[in-house]
Each structure stands twice: as C-alpha cells, then as structure tokens.
Asker: 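Please see the structure below; I have some questions.
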Amino acid sequence: MFENKDNSSTNIENLGEFGLIDHLTKNFKIKQKSTVKGIGDDAAVISCNSKKEIVVSTDLLLEGVHFDLSYMPLKHLGYKAVVVNLSDIYAMNAEPTQITVSIAVSNRFPVEALEELYAGIETAAKQYNVDVVGGDTTSSTTGLLISITALGTVNKGEAIYRSGAKANDLLVVTGDLGAAYMGLQILEREKEVYKVNPNSQPDLEPYSYLVERQLKPEARKDISILLKEIDVTPTAMIDISDGLSSEILHICKSSKVGCNLFEDKIPLDPQVISTCEEFNLDSTTIALSGGEDYELLFTVSMEDFPKIKANPHLSVIGHITEEKEGVHLISRAGTKIPLIARGWNPLKKSED
Ligand code: ADP
Ligand code: MG
C-alpha cells in the first residue's frame, strides 16, 4: 500500500490526464545530446546520425477503458492498436519503421483469440510497412492490456512539432471529424438492444462509415506524401486522438499562440450529421470532443493557402492569433466561444 508521509493526498482528477503527466515528469532534465525532443509531443525525437532522426511513441490500451470486446473483434483491436501508434509517428512528419507489442492476458483468452489479435497486428504491420521487432508478454488477473511502441525515422530537421505555429498561420485538418465517436454510440446502442433481445439483427448499413471509423481506423500515411507533392511544410502538427478542441489547445499551448476556429468550416461526413440528429447530439460538440479520428491537424503559413484550398483531403478550419487573444470557436451565428478541452479523459470519474 502506498502511504504518504504527511498524510496529504491529491486526487488525480484534480490534475486531469495532461496535468498529471506534467506533474510527474516536470523534474526530468534531458541529459543526452541525442535527445532532440523528450516528453510533450506526439513522439520523442532522437538523433541517429548526421542525416536521420528516430521518433518513438508508445500507447497503452486497456480492456474496459479503451475497448469493449463485446463489439470489438480481436482482429480489429490488433489492427487499431497498431494504427493509433503509427498515427503519432505520422504526426511528427516521420515514417514508421518498427513496432514492439506488449500484452497482458488472463486465461480467459484461448490461444485462438490471441491468434486473432495477432492477425490484426500482422495485417496492420503489412499495410503500413512496419516490422514487429519485439515486445513482452505477461499474465493479467483481470482484462486484456496491449501496449505498443512505434519507431520511425525522419530526415534531420524535418520533424514537425506541436510548438511551431505562428500568428496568422492557417489551421488545417485532414479528412472529417466525429465519425469514430458516433460509431461508438451506434455500437453501444446495439449492445443494449442485444442484451434485451439477443435475436435482433442490427441493420448497421446506414451507419457503415461510422462503425468502420470506430472499429477499423486508418492513420494518415498519405498526408506527408501529399504535402511534399504540393510543396507545403506545416509549421506545427498533431494527430487527433482526443478530439479537435483538445488538440488545438495542445498546439496553442506548445506554440504560445491563440486561435480562431470556425464552426462552419469543420468537416463532417453526412452520416455524422444525420446520426447526430437521430441521437439529438450537436455535431460540432462531437467533432470537438469525440476523439479517435486519427486525422492530422496542422498549421501552415498563409502564403500556402492557394496550394491547399481546393484539395479534397484538406480543410482550412481557422487561423492562429496572438496568444493574448485566446482560443475561440466562432459559431455559425458569429458568437465567440472560448474553446475548452473536453476530450475524453479517462482520469475523470464520469464523462461530462
Ligand atoms: P498522445 O495523445 O499523442 O499519445 P499523450 O497525451 O499520451 O500523447 O502524451 C503527451 C506526452 O507525454 C508524450 O510526450 C508522452 O510520451 C508523454 N507521457 C505520457 N504519459 C507519460 C508517463 N506516464 N511518463 C512519462 N511521459 C509520459
Ligand atoms: Mg498524438
């Protein structure tokens, strides 16, 4: 049992996930010349030789917190566990090269189940051209745990950090937002229906895009290639794992800037719009706070606008301002609303 000498204790909820990380890691000082970037971005950057840098990122997925095996097939889980890590590597403008996979399993899982998990991992490794080079296996008394570490490489000096955004830069997002969260709502609803009537056959066809975005997300490996083709270098970049608002706030905090985000510019798939109506949810709130989109969010110099404006993969959704102007959503009606991080926070007792 942990005992605090002076009997004081602070609830981790008071700090939140990011506050907790800051608090626990604030005393770590970089000692190695080769550590180019330590804690605080999508991945760490380590210099390797005079031409290349290595990026490394790790993520932990825990049953009951990050996934529910009653609707998440193990094969998809394996695939998704790899993809969410690779997304962080792409967010550094790097190319993933290797992963390690660590699992903790209970005897609830037969070998065949774990084979399924690994079939998904193998499919993703093939799809993204990465080698599985190690990991660790241990027993768990409760649920399944998967931790994946991804490594990648980037040309020296070409890594893109959260910290490079400048006032007047444009804020750009790839793809569309909110679908993975709505996919989760659909799957949760079907789970409840199934509990009451196990013979019911769900018709998921009208929600196919949403369910696919939740169960089989892809990382944007095409974007660094696209940006090279159109000769655009982002000034800052991050991937969208926790929701648009949380990621905008990360860029603004790291870059010491403000931002205006325009509600009417946020890209939404028609299935997101119609399903939000069905669930009586506000689609902007879902795009801002839903998470698990694994799209890329980046800033570019205003001069690059002509190169990106007509690109179907890219949406300009706002612009960067001076820090003192704050971080705001400009609503369709023109009202300025302060943006707050409502990203899903596992350290909170309940979601709000
Ligand atoms: P992401 O959402 O991109 O995966 P996180 O919010 O998990 O990023 O992490 C932010 C930063 O904090 C990263 O640099 C990550 O490596 C670091 N970090 C997260 N948890 C810990 C921890 N327990 N100890 C040390 N560093 C951590
Ligand atoms: Mg990230």
Side-chain angles (χ1 to χ4, degrees), residues 2 10 12-13 15-32 34-47 53-62 65-67 80-94 96 99-102 104 145-152 154 159-165 173-174 177 180-181 217-221 223-224 234 236-255 288-299 340-348:
F2 171 78
T10 311
I12 53 177
E13 274 178 65
L15 292 172
E17 180 187 346
F18 305 119
L20 179 66
I21 297 170
D22 284 347
H23 183 71
L24 295 178
T25 62
K26 63 176 185 269
N27 294 329
F28 291 137
K29 297 269 180 312
I30 303 286
K31 293 178 284 294
Q32 296 290 340
S34 55
T35 308
V36 180
K37 175 81 195 180
I39 292 163
D41 218 298
D42 294 301
V45 180
I46 298 161
S47 78
E53 286 168 340
I54 293 174
V55 299
V56 54
S57 177
T58 193
D59 261 304
L60 186 64
L61 297 177
L62 190 58
V65 178
H66 300 102
F67 57 88
K80 184 169 174 175
V82 175
V83 163
V84 304
N85 271 274
L86 301 186
S87 178
D88 277 321
I89 302 295
Y90 292 118
M92 301 304 291
N93 195 34
I99 57 169
T100 65
V101 181
S102 300
L145 178 152
I146 308 168
S147 173
I148 293 188
T149 297
L151 296 141
V154 60
I160 299 175
Y161 300 96
R162 298 174 178 183
S163 54
V173 70
T174 64
L177 302 175
Y181 183 85
E218 300 290 355
R220 295 305 305 247
K221 69 171 177 179
I223 296 302
S224 72
M237 188 150 68
I238 188 168
D239 73 323
I240 303 186
S241 47
D242 295 332
L244 181 63
S245 60
S246 173
E247 316 305 355
I248 290 177
L249 288 164
H250 278 314
I251 285 188
C252 288
K253 191 176 172 208
S254 293
S255 300
L288 289 175
S289 314
E292 295 199 288
D293 296 305
Y294 303 107
E295 295 292 344
L296 293 174
L297 177 73
F298 56 89
T299 53
I340 47 165
R342 255 171 295 163
W344 183 78
N345 187 338
L347 300 177
K348 269 194 227 160

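Hydrogens, waters and symmetry mates play no part in the numbers below; they use all other heavy atoms, side chains included. For ligands, and for the atoms within them, numbers begin at 1 and follow the listed sequence.
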Asker: Side chains of F298 and I160: does their closest heavy-atom pair fall under 4.5 Å?
Answerer: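 Heavy-atom side-chain distance check fails, nothing below 4.5 Å.
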
Asker: Before signing off on this row, confirm whether D242 and ligand 1 have an N or O atom pair separated by under 3.5 Å.
Answerer: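 No; every N/O pair is 3.5 Å or more apart.
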
Asker: Take every heavy atom of L24, measure it against each atom of ligand 1, and state whether any distance is under 4.0 Å.
Answerer: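 The answer is no: ligand 1 sits nowhere under 4.0 Å from a heavy atom of L24.
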
Asker: Within this structure, what is the CG-CD1 distance for the pair D41 and I238, rounded to the nearest 0.5 Å?
Answerer: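 D41 CG to I238 CD1: 7.0 Å, rounded to 0.5 Å.
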
Asker: Suppose I only count heavy atoms of R162 and a 4.0 Å limit; which atoms of ligand 1 are within that range?
Answerer: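 Result: 3 (O), 8 (O).
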
Asker: Please determine if T58 has a nitrogen or oxygen closer than 3.5 Å to a nitrogen or oxygen of ligand 1.
Answerer: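 Between T58 and ligand 1 (N or O atoms, distance only) the closest approach is not under 3.5 Å.
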
Asker: Between the side chain of D42 and the main-chain N/O of M92, is any donor-acceptor distance below 3.5 Å?
Answerer: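 No.
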
Asker: Taking N or O atoms only and a 3.5 Å limit, does I21 qualify as a polar contact for ligand 1?
Answerer: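 It does not: no N or O of I21 is found under 3.5 Å from an N or O of ligand 1.
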
Asker: Going by the order shown, which atoms of ligand 1 are within less than 4.0 Å of some heavy atom of D88?
Answerer: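 Those atoms are 3 (O), 4 (O).
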
Asker: For ligand 1, which atoms sit closer than 4.0 Å to a heavy atom of S241?
Answerer: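 Reading through ligand 1 atom by atom, the close ones are 2 (O).
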
Asker: Between the side chains of S147 and S102, does any donor sit under 3.5 Å from an acceptor?
Answerer: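 No.
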
Asker: Does ligand 1 have any atom sitting under 4.0 Å from a heavy atom of F28?
Answerer: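 Outside the 4.0 Å threshold, so no.
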
Asker: For A104, which residues count as a side chain to side chain contact (heavy atoms under 4.5 Å, CB included) partner, sequence neighbours excluded?
Answerer: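 With neighbours one apart ignored, the set is T138, S140, L145.
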
Asker: Show me which atoms of ligand 1 lie under 4.0 Å from any heavy atom of F18.
Answerer: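 In order of number, 6 (O).
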
Asker: Quick check on contacts: which atoms of ligand 1 are under 4.0 angstrom from a heavy atom of T25?
Answerer: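 Selected atoms, number and element: 24 (N), 25 (C), 26 (N).
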
Asker: Would you say K37 touches ligand 1, if touching means a heavy atom closer than 4.0 Å?
Answerer: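 In this structure, K37 fails to qualify as a contact of ligand 1 - no heavy atom is under 4.0 Å.
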
Asker: For a side chain to side chain contact (heavy atoms under 4.5 Å, CB included) with T149, tell me which candidate from D59, T58, I99 qualifies.
Answerer: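 The single option meeting the side chain to side chain contact (heavy atoms under 4.5 Å, CB included) with T149 is T58.
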
Asker: Counting from 1, what ligand 1 atoms have a heavy atom of D42 closer than 4.0 Å?
Answerer: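 Selected atoms, number and element: 3 (O).
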
Asker: Do L86 and Y294 have side chains that approach each other closer than 4.5 Å (heavy atoms only, starting at C-beta)?
Answerer: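 Of all side-chain heavy-atom pairs linking Y294 with L86, none is under 4.5 Å.
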
Asker: Just wondering, do D242 and F18 contact through their side chains at under 4.5 Å, heavy atoms?
Answerer: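 SC-SC contact between F18 and D242 confirmed.
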
